[in-house]
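Some notes on the structure that comes next.
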Amino acid sequence: MITPRTPSGVLELLPAEQIAFQRMLDAIRSGYERFGFLPIETPVFERSDVLLTKTGGETERQVYFVQSTGALEKSREADTSAEGPALPEMALRFDLTVPLARYVAEHEHQLTFPFRRYQMQRVYRGERPQRGRFREFYQCDVDIIGKDELSVRHDAECPAIIHAIFTDLAIGSFTIQVNNRKLLRGFYEDLGITDAEQQAAVLREVDKLDKRGPDHLRSTLTGAGFGLADEVVEQILAFVQVRSTGHDDALARLAEVERGSRGSASLAEGVAELREVLTLVRALGVPESDYCLNFSIARGLDYYTGTVYETTLDEHPQIGSICSGGRYDNLAGQYTRSRLPGVGISIGLSRLFWQLREAGLLEASTGESTVQALVPQVDAELLDDQLALASQLRHGGINTEAVLDGGKLGKQLRYADRAGIRFVAILGRQEVADGTVTLKDLRRQDQFTVPRTEVVSALRVELAQPQV
RNA sequence: GUGGGUGUAGCUCAGCAGGUAGAGCGCCGCGUUGUGGUCGCGGAUGUCGCGGGUUCAAGUCCCGUCACUCACCCCA
C-alpha cells in the first residue's frame, strides 16, 4: 500500500469547504463581469521560451518544467554531444500575466482594444512551501490592455472593482492602498538614490515596513548594505509611513510631496496620476474610508511602472495583501512590436481562502451542502414513489438527493445532518396514503406535512427562511 | 538556495532516570417498531517516519536517512 498523500503546498479541500471556495470564485467572477470584462483561459503549460523570456535567475528557480517522455529521450541523446542540457520544451505558468501578454500578442488582430479580460485559473510556483503559501494556487486576474495608449483613468477602475468584490465577499472592512511607481522613482531620485539597483533594493526593504517595523527599516538602510545617511533615511521613513486618512487628506499629502520635491519630473508625473486616479475612484462611488495613499507599497519590481495597489483587511492586518496589482507601460514587449500598456489586479484566492479559514472567518459559510433536500427511503417498497418525489423536486429546481440504499431512517437523517443537507422530504406509507409529504428542517428542528402537490412551493418558501 | 524545529491511532497531542502504548475529538454499534444533531453505555484502530547502533530490554539514548514544518531569500 502506498500512503495516500497530497504533495505539499497544495490546497485540496473537502466538499463543505470547496463549496465555500466556489462561492468566492463565483462572487469574483460576477464582480468582474459586472464591470464589463470578458473571460479567457490559457493552457496550464506554455512553451518554455515563451514563459522564460526574462530569464531571471529567480524565475527559473521557481518554474516547474514539463517534458514529454519522447522529448526527454531526445534531449538526453542530444545532451551527450551538445553543450549542456537543453531546457525542457514546456513549463507550467507561474502567473496569469505572462500568458496574457502572449495571448494578446498572438491574437492581437482578433481582439478589440481596450481589451478587458478576466481569468481565474491555477498557477504553479516551485517555491519551498510555507505557511499559507502554495506551489499550486488560484489567481483571479482582471486586466485592461490598451493599444498604444491607455489613459490613467483606467487605473481608477481597479479600486472600484476591488471595492465591489470585497464588499460582496463580506469578509470585513478593507482598505485599498494606492501608490505610484513614478512618484517613488522621483522621490528617491530627489534623494540622490538614482542607481536602479540601489533604488530597487531600497524599495524591497521599504515594502517590508509593515512586516518588520520602522526601526528595522532604519537600521537596515543605515547599515552596511546601504550606507545611507541618517538624514536621508529619516526622510525616507517619514515619506513611506504616510497613510492618508480620507480623500482630502490624500490630496493634501500629494501636494506636500510635490512641494518637497527638488524638481523631479517623474515625481510630478506620479503625483498628477495619483491625483486623477483618486478623484475618479471617488467619482466611481468608492467610499473614502475604503482607500488611502501608502507610499511604502512597491509591489513586484519587474514591470509595474505607474499606479500600484494593495488591499488589506482592516481587522486582520496580519493576513497581508489580499489583492494587488498595478499599471505596466508595455505588457508584451517580448512578443510584439505593438505597444500594449495595461493595468490590472489579481486576487490570490487560494491564499486568501486559507488565511480566512485560519482566522476563523469561514465557519459561517462552510458546512452547507449544495444539496438542498434529501429524500430518504422510508420503506423499500415505496421506491417508485420516493423517486417520483425526487424528480418532482428536481423539476422544481431544488437540488435533491434520493437515498437509494435505504436503511434505518435515523441513519439517513444522520447522513443528511452530517452532509450539511438542511431539508428532508419524507414519504412513508402514511404520506402516500394521505397524498402528502413531511418536510423536516434539520437546522430549525422543525417538521410539518404538506400536500404532495404543493411540496415544491412549500420547500421554496422554507429555503428562503434563515437557518436559525 | 540558507538556517532552525518536529516526526506516536483518521485528527490534536500525552508518554521519556530506557521495561514490549494512552487521552480528547472523530468513527462504528446499542438505547426495539418511521426522526438526526444533545445524552448514556459499549467497541474498533497504531510496522511509535525509515535504517542501523548501544542495551537483558529502545517510542524513550546515539548515528544516518527520509518526510513534514517554520523562518530567510524571492514573490512577475
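Chain letters run A, B, ... following the sequence lines, proteins first and then strands; every chain starts at 1. As a basis for the values below, the full set of heavy atoms in this structure was taken, side chains included, without hydrogen atoms, waters or symmetry mates. What you are looking at is a predicted structure, and each value in this text was computed from that prediction instead of being measured.
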All N/O pairs under 3.5 Å across the protein-nucleotides 29-36 of chain B interface:
| unit_1 | atom_1 | unit_2 | atom_2 | d |
| --- | --- | --- | --- | --- |
| B:G29 | OP1 | A:Lys411 | NZ | 2.4 |
| B:G29 | OP2 | A:Arg414 | NH2 | 3.0 |
| B:G34 | O6 | A:Gln430 | N | 2.8 |
| B:G34 | O6 | A:Glu431 | OE1 | 3.2 |
| B:G34 | N1 | A:Glu431 | OE1 | 2.8 |
| B:G34 | N1 | A:Glu431 | OE2 | 3.1 |
| B:G34 | N2 | A:Glu431 | OE2 | 2.9 |
| B:U35 | O2 | A:Lys440 | NZ | 2.9 |
| B:U35 | O2 | A:Gln447 | OE1 | 3.1 |
| B:U35 | N3 | A:Gln447 | OE1 | 2.9 |
| B:U35 | N3 | A:Gln447 | NE2 | 3.4 |
| B:U35 | O4 | A:Gln447 | NE2 | 3.3 |
| B:G36 | N1 | A:Leu442 | O | 2.8 |
| B:G36 | N2 | A:Asp417 | OD1 | 2.6 |
| B:G36 | N2 | A:Leu442 | O | 2.8 |

Roughly how far apart, to the nearest Å, are B:C11 and B:C68 at atom P?
15 Å

Filtered N/O pairs between nucleotides 2-7 of chain B and protein, under 3.5 Å:
| unit_1 | atom_1 | unit_2 | atom_2 | d |
| --- | --- | --- | --- | --- |
| B:U2 | O4 | A:Arg128 | NH1 | 2.8 |

RNA chain B: stems of at least 3 consecutive Watson-Crick or G-U pairs, cut-off 3.5 Å?
B:1-7 with B:66-72, B:10-13 with B:22-25, B:27-31 with B:39-43, B:49-53 with B:61-65

Does A:Asp49 pair with A:Arg47 as a salt bridge, N-O distance under 4.0 Å?
yes

Between B:C39 and B:U47, how many Å separate the two C1' atoms, rounded to a whole number?
39 Å

Suppose we screen for side-chain contact (heavy atoms from CB on, under 4.5 Å). Which residues come up paired with A:Leu111, at least two apart in sequence or across chains?
A:Tyr103, A:Val104, A:His107, A:Phe113, A:Phe115

Could you check A:Arg135 against A:Arg125 and say which one's nearest nucleotide on RNA chain B is further toward the 5' end?
A:Arg135

What interatomic distance, in whole Å, is found between P of B:C13 and the corresponding atom of B:U20?
26 Å

Roughly how far apart, to the nearest Å, are B:G29 and B:A17 at atom C1'?
43 Å

What pairs of residues pass the side-chain hydrogen bond (donor to acceptor under 3.5 Å, both in side chains) test when at least one of them lies in residues 343-353 of chain A, not counting sequence neighbours?
A:Asp141-A:Ser346

Using ring pair (Phe, Tyr, Trp, His ring centres under 6.0 Å) as the criterion, list what pairs up with A:Tyr188, not counting sequence neighbours.
none

Partners of A:Tyr32 by ring pair (Phe, Tyr, Trp, His ring centres under 6.0 Å), sequence neighbours excluded?
A:Tyr118

Please measure how far the P atom in B:C61 lies from the corresponding atom in B:G15, and state the result in whole Å.
12 Å

A:Arg351 near the nucleic acid: base, sugar-phosphate alone, or nothing, with a heavy-atom cut-off under 4.0 Å?
nothing

Quote, to the nearest angstrom, the P distance that separates B:G59 from B:U54.
16 Å

What residues form a side-chain contact (heavy atoms from CB on, under 4.5 Å) with A:Val233, not counting sequence neighbours?
A:Arg218, A:Leu221, A:Thr222, A:Leu228, A:Leu237

Can you check the distance between B:C73 and B:A14, where both ends of the measurement are the P atom (answer in whole Å)?
31 Å

Sorted by chain and residue number, the side-chain contact (heavy atoms from CB on, under 4.5 Å) partners of A:Ala91 (sequence neighbours excluded) come out as A:Ser48, A:Leu51, A:Val63, A:Phe65

If you measure from the P atom in B:G46 to the same atom in B:C66, how many Å do you get, rounded?
29 Å

Considering only residues two or more places apart or on different chains, which pairs with a residue in residues 324-344 of chain A satisfy ring pair (Phe, Tyr, Trp, His ring centres under 6.0 Å)?
A:Tyr303-A:Tyr328

Answer yes or no: is there a side-chain heavy-atom contact under 4.5 Å between A:Leu217 and A:Glu205?
yes

For A:Gln18, what residues pass the side-chain contact (heavy atoms from CB on, under 4.5 Å) criterion, not counting sequence neighbours?
A:Leu13, A:Phe21, A:Gln22

side-chain hydrogen bond (donor to acceptor under 3.5 Å, both in side chains) pairs, two or more places apart, involving residues 396-412 of chain A
A:Glu401-A:Tyr415

Quickly work out the A:Lys208 NZ to B:C75 P distance and round it to whole Å.
9 Å

